[in-house]
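Structure, as structure tokens:
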Amino acid sequence: MRRGGEGVGVDRFSFPPILKASARVCGVKEGMEIHGVAEKMGFDSDPYVQTGLMGVYIACGRVFEARLVFDKMLHKDVVTWCVMMDGYCQRGLYEDVLLLFEEMKRSGVEPDKMLLSTILSACSRSGDLNSGKGIYDYILEKNIVMDSHLKSSLITMYSNCGSMDLAQHLYNEMTPKDLIASTSMVMGYSKVGKIGAARSIFDELVEKDLVSWSAMISGYAESDWPLEALKLFNDMQQAGLRPDQITMLSVISACAQLGILDQAKWVHLFIDKNCFGDVLSINNALIDMYAKCGSLENASRVFHKIPERRRNVITWTSMITGFAMHGDAGTALRLFDQMNADGIEPNSITFVSVLYACSHAGLVDKGRHIFALMTNKYNILPKQEHYGCMVDLLGRANFLRESLDLVKSMPFTPNVVVWGSLLSACRVHGDVELGELAAKRLLELDPEHDGAHVLLSNIYAKARRWEDVGEVRKFMKNRGIAKERGCSRIEANGEIHEFLMSDKTHKQTDEIYEKLDEVVSKLKLVGYAPNTSSVLVDLDEEEKKEVILWHSEKLALCYGLMNLGNDSCIHIVKNLRVCKDCHTFFKLVSKVFEREIVVRDRTRFHHYKDGVCSCKDYW
DNA sequence: TTAGGGTTAG
């Protein structure tokens with residue numbers, strides 16, 4: 001290496017481009033070597049060289065090393081401060097960004113727009129609205145004229161912090177509307193549940209790019225509008241845009257929510273065709289999707305196709321959850337052991353799944369053991385959801401007192417789910433006294449909880465305490481608390497059909513009810529008698545029978561029997577838990593009509609075949 | 001040196 005003079009000498013101006021290249025390829029080794037060379041040549045006190053070195057360290061995630069260089073610098077300009085702040089921002093060290101800003105102001109360096117934008121980004125990501133407002137005040141105080149970039153950062157900060165009024169106010173003043181700011185608005189409105197407002201902003205965009213489309217699709221998927229998400233995905237393709245992995249994650253999630261297997265298979269093919277099939281997050285999402293669409297076979301296939309070394313804790317947990325949902329606790333527990341053997345550390349969510357598997361299969365001792373293991377071996381402190389699973393497990397298995405003791409022993413206030421689990425166990429086992437207590441505690445936390453009122457009323461009904469039943473019903477009526485209406489979905493010939501309880505809006509309504517009559521008479525020949533015990537309203541027996549027979553899943557089932565080929569499995573998705581009568585009904589249909597039926601209810605799957613259900617009537 | 005999309009696990 002020749003210094004100075006003529007020709008190809010290396011001087012201090014040679015370093016920044018090399019450092020930039022190192023940062024791009026994340027070459028920390030190269031960066032360090034260059035650092036050494038720069039020191040030897042005496043350029044290590046050159047601000048440009050130093051800033052370049054910081055950039056390399058930050059690109060490689062070595063913020064601490066970057067800070068060492070930073071602290072040694074005698075002359076720091078605004079860019080230097082900005083690079084350091086960006087480093088902290090990238091590592092999620094948002095408080096350090098703010099501390100650095102204070103330090104910078106003390107040092108007398110004036111911030112520029114880019115730096116303010118970086119700080120706003122830190123506030124945005126950490127949800128620190130107060131600091132974000134502080135930066136805005138600073139901008140106003142110093143009379144800084146905002147460009148569209150800085151305005152967008154500000155709008156993003158407000159949106160991310162959920163302050164949509166403030167975000168909207170700034171957005172109104174923005175002309176023309178910046179695409180990035182608009183996307184932030186779409187996300188912000190989606191996050192606070194104002195999906196209509198998000199859609200309006202989205203629709204007003206003249207030029208939409210992949211990110212804005214994906215934000216809107218994800219908004220729908222996150223807000224319980226999976227059908228809209230799929231529709232928009234379709235529109236996006238019509239508009240000529242190609243989705244990427246991030247878009248596909250929302251689409252997969254929408255399919256999982258809907259539970260529609262045909263659509264799910266189509267999405268899977270689409271993913272393979274577009275070469276996303278090797279992406280781990282996509283495969284994890286596919287496992288979840290197939291499990292929620294009722295196909296453990298396809299979920300397992302995806303799981304086994306992922307090379308063992310690439311599976312992460314999400315892969316394993318998704319697969320375990322799948323088996324747990326379908327009531328196969330044995331396989332779920334085997335997977336849990338295998339996961340440990342493979343050296344993948346289970347986390348808090350894994351334990352929810354494993355405990356959930358035990359609870360749905362009635363494995364009390366195993367559940368107790370794992371609950372203890374969680375704290376003793378893995379140092380994971382049980383949270384509400386773990387207690388919820390345990391209360392459910394013990395309660396369902398009729399260890400109601402032990403279940404209550406566990407609730408009392410909780411180191412924090414039990415939430416609605418915990419009391420709800422106990423309440424539901426009390427209903428199963430007819431414990432009026434404890435049920436009343438659980439309902440009381442639950443309703444203290446959430447007086448409008450429809451499920452709690454319904455369960456309490458069921459408990460009273462089981463004990464034949466009709467006056468109390470009447471009281472609960474009166475209270476619900478006065479307060480306008482209604483039981484959520486049952487709704488079931490079935491996919492046939494590429495179309496989704498939805499049925500509400502006693503629905504008469506479907507175009508094949510007459511045939512469906514005729515089919516229902518036919519099915520009922522056939523089932524009666526093998527001993528079926530409608531079980532009206534779960535009907536809450538005040539009706540005579542005959543009317544109750546009708547209400548029971550018109551449950552949405554029975555309508556969907558009849559539609560399936562009419563419209564699906566004899567050898568195909570009937571898949572139904574329901575919003576509530578399956579009632580006792582429907583459960584019996586479905587078991588009998590699977591036998592009499594020789595059909596396999598898969599029902600996803602609010603909490604789990606039921607596979608009906610040859611007159612038995614996979615849940616072994618334990619649900 | 002600055003701004004937008006990640007319900008893949010409960």
Side-chain angles (χ1 to χ4, degrees), chain A residues 51-52 54-55 58 77-87 89 111-122 124-125 146-157 159-160 178-188 190 205 208-224 226 229 243-257 279-289 291-292 302 306 312-322 324-325 346-357 383-386 388-389 417 603:
Chain A
T51 307
M54 284 169 60
I58 286 167
D77 63 3
V78 67
V79 175
T80 314
W81 289 94
C82 196
V83 171
M84 195 62 238
M85 284 182 191
D86 187 50
C89 212
D112 65 359
K113 288 171 194 158
M114 287 186 190
L115 186 121
L116 291 167
S117 204
T118 301
I119 301 170
L120 282 170
S121 166
S124 169
R125 288 173 205 207
M146 292 198 283
D147 57 9
S148 127
H149 202 127
L150 186 53
K151 273 186 206 160
S152 289
S153 300
L154 201 51
I155 289 171
T156 301
M157 185 276 294
S159 289
N160 254 348
D178 180 279
L179 180 59
I180 288 172
S182 306
T183 307
S184 292
M185 292 296 289
V186 168
M187 287 173 59
S190 301
L205 283 175
K208 304 175 178 75
D209 67 359
L210 179 60
V211 178
S212 49
W213 278 98
S214 299
M216 193 66 239
I217 293 172
S218 141
Y220 278 126
E222 270 179 71
S223 318
D224 231 3
D244 66 2
Q245 301 160 21
I246 296 176
T247 325
M248 290 319 292
L249 282 176
S250 294
V251 173
I252 297 170
S253 160
C255 283
Q257 286 175 47
V279 181
L280 184 61
S281 60
I282 291 277
N283 280 307
N284 291 344
L286 287 174
I287 292 172
D288 175 65
M289 175 188 77
K292 286 180 178 158
V302 175
I306 303 172
N312 65 9
V313 62
I314 298 179
T315 318
W316 285 96
T317 306
S318 301
M319 200 60 244
I320 291 170
T321 308
M325 277 192 300
N347 65 19
S348 167
I349 300 172
T350 315
F351 280 101
V352 174
S353 299
V354 177
L355 291 172
Y356 176 82
K383 292 194 266 194
Q384 295 276 11
E385 44 271 48
H386 301 103
C389 284
V417 180
T603 58

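Every chain is numbered from 1, with letters handed out A, B, ... down the list of sequences.
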Counting side-chain heavy atoms from CB outward, which of [options] is closest to [X]?
X	options	answer
A/Asn284	B/dT1, B/dG6, B/dT8	B/dT8
A/Ser281	B/dT8, B/dG5, B/dG4	B/dT8
A/Ile246	B/dA3, B/dT8, B/dG5	B/dG5
A/Ser253	B/dA9, B/dT7, B/dG4	B/dT7

Do [X] and [Y] get their side chains close enough for a donor-acceptor pair, meaning under 3.5 Å?
X	Y	value
A/Ser212	A/Asp209	yes
A/Ser318	A/Asp288	no
A/Ser184	A/Ser159	no

Checklist entry - How is A/Met187 classified with respect to the nucleic acid when contacts are heavy atoms under 4.0 Å: base, sugar-phosphate, or nothing? => result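 Counting heavy atoms under 4.0 Å across all strands, the contact made by A/Met187 is with sugar-phosphate only.
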In whole angstroms, how far is the [atom2] atom of [N] from the [atom1] atom of [X]?
X	N	atom1	atom2	result
A/Gln257	B/dT8	CD	C1'	13 Å
A/Arg125	B/dA3	CZ	P	6 Å
A/Asn347	B/dA9	CG	C1'	8 Å

Item to check | Taking every non-hydrogen atom, the tightest pair across A/Ala221 and A/Ala229 | outcome: N-CB, 4.0 Å
